[in-house]
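From a predicted model like this one, the values you see are computed outputs, not experimental measurements. Convention: sequence-line order gives letters A, B, ...; per-chain numbering from 1.
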2 protein chains.
Amino acid sequence: MPTIKDVAKLAGVSTATVSRAMMNPEKVSEKTRLKVELAVAESGFSPNVIARNLRRSESKTIVVIVPDIANMFFASIVRGIQQVALNNGYKVLLGDSIHTVEQAKAYMDLVRSKQADGIISLTAELPMEIRQGTEIPMVMACEYFPGFPIPTVRIDNRGSAKRAVDYLLDIGHSRIGCITGPMENPICVDRKAGYQDGLQQVNIESDEAAFEDGDFSFQSGYSAFMRLHQQYAMTALFCFNDMMALGAMKAATQLGIKVPQDLSIVGFDDLLFAEYTNPELTTIRQPQEDIGKTAANTLMKILQGGKANQDTIVPTQLLVRASCTSPKK
Amino acid sequence: MPTIKDVAKLAGVSTATVSRAMMNPEKVSEKTRLKVELAVAESGFSPNVIARNLRRSESKTIVVIVPDIANMFFASIVRGIQQVALNNGYKVLLGDSIHTVEQAKAYMDLVRSKQADGIISLTAELPMEIRQGTEIPMVMACEYFPGFPIPTVRIDNRGSAKRAVDYLLDIGHSRIGCITGPMENPICVDRKAGYQDGLQQVNIESDEAAFEDGDFSFQSGYSAFMRLHQQYAMTALFCFNDMMALGAMKAATQLGIKVPQDLSIVGFDDLLFAEYTNPELTTIRQPQEDIGKTAANTLMKILQGGKANQDTIVPTQLLVRASCTSPKK
DNA sequence: ATAATTGATGTAATCCGTTACATTTTGTGC
DNA sequence: GCACAAAATGTAACGGATTACATCAATTAT
């Protein structure tokens, strides 16, 4: 592999001039620029970016921490991040933390060791240290910690959940089951509050028997419904994500409960498959790619030394599809 | 950020000794090792990996090129890769090529510019140059080019497709539609050949009207079935992936065609949701995580200077679920 | 006891661009 | 044609680790 020295020799100039010709073309004369370009082409020179990064002490790389790469919810967000990052000359290192704090910490250390410039975390399962602030340029997306000194990009979880429940109430339901996510997760607390807001508004008392915990997986939705079905008579079900909604739908079908005739189901996220379930799934749409782009833009701003919004809330949308109908009289 | 010099001063030794104490502890005396460790802890030193990489001229990073990160099929493969990479001290840079050769090339350039040591490509949409061999350490997974000098990890597409068709024939079907992928893709050619092998074995003539192309997306499965339904009377359908199978299932349902009573459907891949469709989808299981691990192990071997198997074929499995039944008499 | 070997440590070159500073060239104004 | 400013280019330090080689001390063999 040729180095900048080879190019310099070939072009008959100094390495400094070669560097300038490539980085700040306006700083060299037309003539030498052409000489250099020719020499670059002839030698097939490609700069060693590691050396550049060392000198500049930046890596032009950001790390995205996802708690579970196999969870489809994160895919489109990552794509959004990637687009913005690429446009700004950054690469994206994807880190699957597998829901462990240690892994997340390992990825955060990449910034300390200068291998990455900043982090976008799609999980709140992070080391405690950062609770009291961190020098690491960092943005959280989707998840958050209340009172956390890190910019976030997320949705109005409480309002969105209320929106879903309002819809079910509107079409006549009053006994609405709820499959939550892990309740130590703040966004789940918010969504549960939103669910309760909805009921409260029409003076229905919230019943603890209406809740079952899931962990956002298909499987957990399935088993949560199996439990819920035994403890709570309902005509509608609100799930904290689409995967659990699909799991619940399978469980209901197995139990001979017809969706939507006997049970209306609302999900959350609007994953790609939501339009292809049978029946099609009514859900709260999160603009995943937008969330990714916004988070990436926020991080870019921070990396350029600017101050970023502390919190950006992106809008959601209720998508009414075939999985809901009015309850039978 | 403290550097190795600071640590050296603090420990009262040379930088060389500090470096040795950390990299080859057996090369320094017990006593100095402890001094150094203490100094490292006290100063909070974390080595600048960029500097190390420059000196060593390696980056301990591999790039994974996926054609579409939002396609769930790749998620588990990436996870498998990531596990092996991490165990070997490598980071994973995820590159979404968005089905474009230019993007793929940009990611390949990371190796030339020393930002990455090797590549695992999950797509065959790569620059032509590599057809005649490449110096870049590289492995392809899932996809491949026939007669391509790059190690691959993949399944027996032809045999697996035949297996699916054999099953449908076994349970009594003889008119079997087929939704393919893009036919410029060699794995699609193989699967089509497998389909035809199956029919030929029982002396059924292959009918071009039985085929419709898709592009592996939900949407394309839906529209392909809408077209296919008009041109070919069938009792069973074989789709080249699960997403298209689900799209086709939706189309059939909308047309009043009952699955599996009126139409049996077999997919391909066994994505996570395949068990949760309604009815549950019969499919060919690809061991995605294994494919990822094997590909990563192969690349590791290459990076260590070893010779890797040219091709590794991993086994698939037919998973019989509820989306198939014998045709009505 | 002395030479030879082994082990521990230090010195300084090296990886390859970038960039502050010095120097030379070119250009402008009078 | 001269003085001076501006533009172009060169020289060399620098980033922060690793490592070949040199040096010195301790151990072993003879």
Roughly, in whole Å, what's the span from CE in B:Met23 to P in C:dA8? 18 Å
Just how far, in rounded Å, is P of C:dC16 from CD of B:Glu58? 14 Å
Expressed in angstrom and rounded to an integer, what is the separation of A:Met1 atom CE from C:dC15 atom C1'? 16 Å
Does atom CD (B:Gln310) have a neighbourhood of more than 12 heavy atoms from anything else shown, all under 6.0 Å? yes
Within the side chain of A:Asn297, is there an N or O that forms a donor-acceptor pair under 3.5 Å with the backbone of A:Lys293? yes
Is a side-chain N or O of A:Ser59 found less than 3.5 angstrom from the main chain of A:Gln115, in a donor-acceptor match? yes
Integer-rounded Å distance: C:dC16 C1' and A:Lys9 NZ: 14 Å
Dump the pairs, protein N or O against N or O of nucleotides 22-27 of chain D, anything under 3.5 Å, distances to one decimal.
none

Any chance you could lay out the side-chain contact (heavy atoms from CB on, under 4.5 Å) test for B:Thr61 and B:Asp117, step after step, and finish with the verdict? CA-CA 6 Å; B:Thr61 301; B:Asp117 296 343; 5.8 Å; no
In whole Å, I'd like the distance from the NZ atom of A:Lys5 to the P atom of C:dG17. 10 Å
Interface with DNA chain D, restricted to residues 42-50 of chain A and to heavy atoms under 4.0 Å: none
May I ask you to decide if A:Ala51's main-chain N or O and A:Asn48's side chain share a donor-acceptor pair within less than 3.5 Å? yes
Assign a letter to each nucleotide of nucleotides 6-12 of chain D from its 5' end: B, base within under 4.0 Å of a protein heavy atom; S, sugar-phosphate only; -, no contact. --SBBB-
Establish, from distance only, whether the side-chain atoms of A:Asp96 and B:Gln82 form a donor-acceptor pair under 3.5 Å. no
Is it true that a side-chain atom of B:Ser57 and a backbone atom of B:Leu54 form a donor plus acceptor pair closer than 3.5 Å? no
Decide salt bridge (charged side-chain N to carboxylate O under 4.0 Å, His left out) for B:Glu102 and B:Lys105; before the verdict, give the C-alpha distance in whole Å, the side-chain angles of both, and the deciding distance to 0.1 Å. CA-CA 5 Å; B:Glu102 297 79 56; B:Lys105 191 169 182 169; over 6 Å; no
Spacing between A:Ile4 atom CD1 and C:dT18 atom C1', to the nearest angstrom: 8 Å
Judged by each residue's nearest nucleotide on DNA chain C, which is more toward the 5′ side, A:Asn24 or B:Arg55? B:Arg55
Give the rounded distance in Å between these two atoms: CG of B:Leu54 and C1' of C:dG17. 9 Å
Please check if the side chain of B:Thr32 supplies one atom and the backbone of B:Val28 the other of a donor-acceptor pair under 3.5 Å. no
Salt bridge or not for A:Arg112 and A:Asp109, using N-O below 4.0 Å? yes
C:dT18 phosphate, OP1 or OP2: any side-chain N/O from A:Arg52 under 4.0 angstrom? yes
Please tell me whether B:Asn157 and B:Tyr144 have a donor and an acceptor in their side chains that are separated by less than 3.5 angstrom. no
